[in-house]
Every structure is written in structure tokens, then in C-alpha cells.
Number of protein chains: 2
Amino acid sequence: MQTGSGDQAARRPHTGRRRNEAARRAILDVVVDLIGRDDDAPVTIDTIAAAAGVGKQTIYRWWPSKGAVLLEAMTERADLDIPPPDTGTLAGDLETFLRATFHLAGQATMARLLRKVMVEAQLDPQMGEATRSFLARRRSALRGLFERAAERGETASGTDPDLLVDQAFGVLWYRILVGHAPLTEASATELAGALTAQAVRRAPGEPG
Amino acid sequence: MQTGSGDQAARRPHTGRRRNEAARRAILDVVVDLIGRDDDAPVTIDTIAAAAGVGKQTIYRWWPSKGAVLLEAMTERADLDIPPPDTGTLAGDLETFLRATFHLAGQATMARLLRKVMVEAQLDPQMGEATRSFLARRRSALRGLFERAAERGETASGTDPDLLVDQAFGVLWYRILVGHAPLTEASATELAGALTAQAVRRAPGEPG
DNA sequence: TCATTGCCGAGACTAAGAGTCTCGTCAAGT
DNA sequence: ACTTGACGAGACTCTTAGTCTCGGCAATGA
């Protein structure tokens, strides 16, 4: 997500008062705090601004929409907390990655944040694009695990890594949005095992 | 979704003007028509009422919210168009079911309808419950295929049908909501093959 | 046939929330 | 000191869901 109108800095040197980084942090932190509360307090621009001790215009100076603020709060945490693992085997990599992912996304606050971001992505095309781009990074991280396994000769040819990736993130998002089943780390492990087998499985007659 | 206040009929015989079934049909049809249009015309209660030639109150007399109308329009089509198949093998059943499901959900109008319903489900707890209940029916239909295969002794013990089901619908919803990849029938077939193998796979040492 | 009941279309109205605009203030550069 | 632009505050517009009210009309029962 673009952070404000920094492009005019290219034309002339900056003068005047500088942006308040503390306000930026307060806004992002307040979003997570408000969403995390048990009472279903409304997370509106007004409540965010009030709780952060900030004017509404300060929010819109830094982000193009409310959804963009939510997305950045989410992105900060997701990109930080789930680095791609390297255990040496596909099974190990997958289990590590999926357990960490399910653990993070399964926390109540994060789950609610994800839901809200996905809603905004459906409502506003610009948010849709930004969200798609974030999710592409996550998919790419997971696909990398399969590709590395392929380079090691660990997987069968002809398996479609994109489908494997969508099966994994599909379960995650489907459960978060529908809420019929929790995102447990046990299910992450089970899923990792299934996807490993799916990637490794040989076509009939293919040498192993 | 409950259809209006029919419960007072239990107390005394109905008198007065009856509900207009034509208006009900017009409303549901107009919703699909509006959503299907290429121009992203707003699908609001006002535009629905106007296009259906109906007063807004008539909509709210029959449905508790706008989301409920969308959900019913969706439900009508989904329950109708995807009967559980019975080809005799898990592989055949799965492929038939998933191809039909992906085909229906992959149509532009249906996909947009699904997106809107999912958004409403996130925004309104009552809609969340109603949507969850619809999706539970779809999951149950798919899980039935696995359970029948298990009764035939076709699948391995210890595979979790709920995870298999969530992988299938997960891919569907993830792709619909994120929009990074289309829902092709080819991918349905590939997914059916993968899930079949997952269900049939034997644990090491388990007799086949 | 005629009164009662309750749905009908129409549209005014309320409430909530996203995003804009303005104002007086304050801080960073020149 | 002066200029520039971010700051908090809050009034304002706009959209949209949902409610309320009205006169009209259709089905029932006496």
C-alpha cells in the first residue's frame, strides 16, 4: 500500500513540518487493539482516529482508504511472523510453514483482521488489487517450498504447485471466513502431510 | 432463510390480501439480473425495488435483510444445479461433483453473487449463521461422497473427510474471492484426482 | 354485497459510516 | 522571522440499509 504523497519530494526539497511517525504507529496499533477487543466495538474511521488521538485527515493523508489501514496492519504482522523455512525436506518445510501460518491466522484478533481485509477487498477494487498483491507474496513463499523440493528431485513431475498452494490457503481462508471449524496446528500438520504426499506421488510407471 | 411472518397463521385463519408470489419471483430474478450486468451497477435495495417494480417494504416483509435476498437467490441455484452424483467410484463421483460445482461457481454472475453473499456473511451475524447453514449443506453433500466410498471399502482409514472437503471448497472460495486464478473445470478434475488419491492412500503397512 | 384485514407501491425519513473540507495551530526548514 | 505543510478538531456531504406512513387494492367472511 502506498504511503501518502511522497512523490512531490522528487520535485523540490521538503520544507515545512514533517510527518509524525508516532501518529502512524498509533493508528496501526489502535486498529489492532480495537479489532482485538471482545466487545464487538465498531472499527470505524472515527473510532480509530479518536482512539489514536489523531484527526481523521491524518489517516487519509497516509492511506487512501480505511481498508488500506487494515491491510497494512495485517501485512506488518504476516510478513514478519512467517519467514519461509528451510528444514531440508518438503515434509519438514511444509509442516513448519503451515503450522506457523495457521497459528498466526488462528488467533482471534488476526482472524478478525483477515476477515475485515477480505471484505474491503471485495468492496473496493483498489483494495482488491492491494490485497491480491499481498496474498501473491504469501502464495509465492509457499510455492517456493515446492519448487525447492522439485529442484532436489523430491517431487513428481506433473504436479501443479499452484493447485497445492491454493489447497493450503484455501482451507485457511475458507475456515476463517465461514467459521465452521477452527484453524488448529494439528490440522496444519495433517494438511502438510497430505500435500507432501500429493506432491511426491508418482504417476503409474514413473521412476521413483 | 425465514420467509416473512408466517407464524401468526397458527393463531387465527388468514384474512386480507395474500402475498404476491410474482413480486417475490421478480425480486429474486432482478437481483441476479442486476448482479450479472457488465457495468458495475450498484445492487442496492433501492435499485432492486425499482427494477422489480416493487416497494422497499415488500422486500423487507419477505426477507430480514438485503443479504438474505442475495443468499436465497444463490441458494435456489446452487441446490438445484448440483445434485450429488453416484457413479460407483469415488474418483467418478468427485470429478462429477467438483466439475459441476466449479462450472456453476465459475460463471461470472454466480461468482459475483457468491462474493456478495460472503461479504454480507461477514458484516451481519444473522447472515453469517444463514450462510454457514447453506455451506454446511454443500459440505455435507461432498462429504457424503467420501463416506459412501468408505462404506465400499474404497478409502483408507484415518483420512479426515472434513479436511478433504475443506480443501475442495477452500480452493473454490479462495479463487473466487481473491481472483488470482479462474475456476476451470480442468482444475476441478485435477483437484478431484488429488483428493481421491489422498483419500485412498494407505498408511505404511496398511493392507490395500 | 360490503366491511375488515393485511399486502401493495411509493416515497419520506432516520441512522451509520466513509471520505472531504476548512480552520487555527504548530514544527521544521530557509 | 517567515514560509511551508502536517497536525487535531470537527463540520459537512454522500451513499445506503432499514423504518415508517400513506392511500389503494385484493381476499375473506358475514
Side-chain angles (χ1 to χ4, degrees), chain A residues 3-9 11-27 30-31 34 40-71 116-117 119-127, chain B residues 3-9 11-27 30-31 34 40-71 116-117 119-127:
Chain A
T3 293
S5 52
D7 43 337
Q8 53 81 296
R11 287 192 277 277
R12 53 187 145 113
H14 182 274
T15 62
R17 186 175 181 172
R18 300 308 176 78
R19 282 183 171 158
N20 182 357
E21 187 62 27
R24 180 187 136 90
R25 272 258 52 85
I27 291 164
V30 149
V31 161
L34 282 177
D40 42 354
V43 183
T44 68
I45 286 290
D46 286 84
T47 60
I48 294 170
V54 139
K56 294 168 62 173
Q57 194 57 48
T58 299
I59 297 179
Y60 284 106
R61 216 186 331 266
W62 290 60
W63 293 277
S65 66
K66 173 183 139 178
V69 184
L70 301 181
L71 179 61
K116 283 181 192 295
V117 166
V119 165
E120 297 295 332
Q122 306 305 312
L123 264 28
D124 169 11
Q126 216 174 323
M127 269 299 294
Chain B
T3 293
S5 52
D7 42 338
Q8 52 81 295
R11 286 191 278 277
R12 52 187 146 113
H14 182 276
T15 63
R17 186 173 181 173
R18 302 308 176 77
R19 283 182 169 155
N20 183 356
E21 188 62 27
R24 181 188 135 89
R25 271 258 55 82
I27 291 164
V30 150
V31 161
L34 282 177
D40 44 356
V43 183
T44 68
I45 286 291
D46 285 85
T47 59
I48 294 169
V54 138
K56 294 168 62 174
Q57 195 56 49
T58 299
I59 297 179
Y60 284 107
R61 202 175 293 118
W62 291 60
W63 293 276
S65 68
K66 173 182 140 181
V69 184
L70 302 180
L71 179 61
K116 283 180 191 296
V117 166
V119 165
E120 297 294 333
Q122 307 305 313
L123 264 29
D124 168 11
Q126 215 174 325
M127 270 300 294

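These numbers were taken from a predicted model, which means no experiment stands behind them. Chain letters run A, B, ... following the sequence lines, proteins first, then strands; residues in each count from 1.
Spacing between atom OH of B:Tyr60 and atom P of C:dC7 amounts to 18 Å, rounded to whole angstrom units. Look at CD1 on B:Ile45: it is 14 Å from C1' on D:dT15, rounded to the nearest Å. Regarding B:Ile59, its CD1 atom lies at a distance of 17 Å from the P atom of D:dC20, rounded to whole Å. One atom, CG of A:Asp46, and another, P of D:dA11, lie 11 Å apart when rounded to the nearest Å. The separation between B:Glu120 atom CD and D:dT16 atom C1' is 11 Å, rounded to whole Å. Atoms CD1 (B:Ile48) and P (D:dG18) sit 11 Å apart, rounded to a whole Å.
Checking side-chain atoms of B:Lys66 against main-chain N and O of B:Val43 turns up a donor-acceptor pair under 3.5 Å.
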Mind listing the side-chain donor-acceptor pairs of residues 50-58 of chain A below 3.5 Å, one per line with the distance, residues two or more places apart or on another chain?
none

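Both tests pass for B:Arg19 against the ring of B:Trp62: distance under 6.0 Å to the centre and angle within 45° of the axis.
Applying the side chain to side chain donor-acceptor pair (under 3.5 Å) definition to pairs two or more places apart or across chains, those involving residues 43-55 of chain A are A:Thr44-A:Thr47.
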Under 3.5 Å, which N/O atoms of the protein pair with N/O atoms of nucleotides 8-11 of chain C?
residue : atom : partner : partner atom : Å
C:dC8   : OP1  : B:Asn20 : N            : 2.7
C:dC8   : OP2  : B:Arg61 : NH1          : 2.5
C:dC8   : OP2  : B:Trp62 : NE1          : 3.4
C:dG9   : OP1  : B:Gly53 : O            : 3.3
C:dG9   : OP2  : B:Gly55 : N            : 3.3
C:dG9   : OP2  : B:Thr58 : OG1          : 2.4

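Every residue meeting the side-chain hydrogen bond (donor to acceptor under 3.5 Å, both in side chains) condition with B:Arg25, not counting sequence neighbours, appears here in chain and number order: B:Asp29, B:Glu76. Scanning for side-chain contact (heavy atoms from CB on, under 4.5 Å) contacts around B:Gln122 gives A:Arg115, A:Val119, A:Leu177, B:Met118, with sequence neighbours left out.
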